[in-house]
Novice: 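Supplied in structure tokens, the structure appears directly below.
Fair warning: this is a prediction, and the values are worked out from it, not measured in the lab.
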Amino acid sequence: MTNNHEKLLYNVREPIVCETCFKEYKDLDNPDIALRDYVKVDVGFTRIGIQVWCQRHEKNICHIDFGGNRPPADFRCLEKS
Ligand SMILES: [Zn+2]
């Protein structure tokens, strides 16, 4: 990281996507929206970590267990000028 704002930019390398949503999206003939707009998720802290939940299918996509640790998190954001 070159500066401490680097991590506030878009750093996603591998999107976490609901497999069912992804299959449905691939089967659309002419999707008029991007996959990122098709997928609807809740993301939030749980008792053990962070969960990504599919709103469309009401199922778990990913539940990250912090294993009792409290990893550093940055909730600041950069505003576009
Ligand atoms: Zn889904």
Novice: Are there over 12 heavy-atom neighbours, none belonging to F22, within less than 6.0 Å of that residue's CZ?
Specialist: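 For F22, atom CZ is not crowded (no more than 12 foreign heavy atoms under 6.0 Å).
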Novice: One pair to check against side chain to side chain contact (heavy atoms under 4.5 Å, CB included): T20 and K59. What are the steps and the verdict?
Specialist: CA-CA 10 Å; T20 312; K59 68 176 189 179; 2.4 Å; yes
Novice: Closest approach of I50 and F66, non-hydrogen atoms and distance?
Specialist: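 Shortest heavy-atom separation between I50 and F66 comes out as CG1-CZ, 3.6 Å.
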Novice: Just how far is it from atom SG of C54 to atom CD of E19, taken to the nearest 0.5 Å?
Specialist: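 So the SG of C54 and the CD of E19 are separated by 11.0 Å.
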Novice: Passes side chain to side chain contact (heavy atoms under 4.5 Å, CB included), Q55 versus V41? Steps please.
Specialist: CA-CA 5 Å; Q55 291 177 3; V41 297; 5.7 Å; no
Novice: Given a cutoff of under 4.5 Å between side-chain heavy atoms of I, L, V, M, F, W and Y, with clusters grown through shared members, what are the other residues clustered with Y10?
Specialist: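 Reading the cluster by chain and number, Y10 sits alongside V12.
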Novice: If I take atom CG from residue L8 and atom CD from residue E79, how far apart are they, to the nearest 0.5 angstrom?
Specialist: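 One finds 11.0 Å between CG of L8 and CD of E79.
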Novice: Could you give all pairs that pass the salt bridge (Lys or Arg N to Asp or Glu O under 4.0 Å) test and reach residues 63-77, with sequence neighbours left out?
Specialist: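 For residues 63-77: K7-D74, D74-R76.
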Novice: Is there a side-chain contact between W53 and H63 (heavy atoms, below 4.5 Å)?
Specialist: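 They are not in side-chain contact.
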Novice: If you take all heavy atoms of E6 and N11, which pair is closest and at what distance?
Specialist: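 Smallest interatomic distance, heavy atoms only, reads O-ND2, 3.1 Å.
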Novice: Let me check something: any side-chain donor-acceptor pairs from residues 25-35 under 3.5 Å, sequence neighbours excluded? List them with distances.
Specialist:
residue	atom	partner	partner atom	Å
Y25	OH	I33	O	2.8
Y25	OH	L35	N	3.2

Novice: Are I64 and V39 connected in a single hydrophobic cluster, I mean Ile/Leu/Val/Met/Phe/Trp/Tyr linked by side-chain heavy atoms less than 4.5 Å apart?
Specialist: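 Yes, it is one cluster - the side chains of V39 and I64 are joined through contacts under 4.5 Å.
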Novice: Can you check whether Q51 reaches N60 side chain to side chain, under 4.5 Å on heavy atoms?
Specialist: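 Side chain of Q51 against side chain of N60, heavy atoms only: contact under 4.5 Å found.
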Novice: May I ask whether V43 and F75 are part of the same hydrophobic cluster, defined by side-chain heavy atoms of I, L, V, M, F, W, Y residues being less than 4.5 angstrom apart, directly or through others?
Specialist: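 Looking at the clustering, F75 is in the same group as V43.
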Novice: Are any non-hydrogen side-chain atoms of C21 and H57 less than 4.5 angstrom apart?
Specialist: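 In contact.
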Novice: Looking at Y38 and E24, what are the two nearest heavy atoms and their distance?
Specialist: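 For Y38 versus E24, the nearest heavy atoms are OH-OE1, 2.9 Å.
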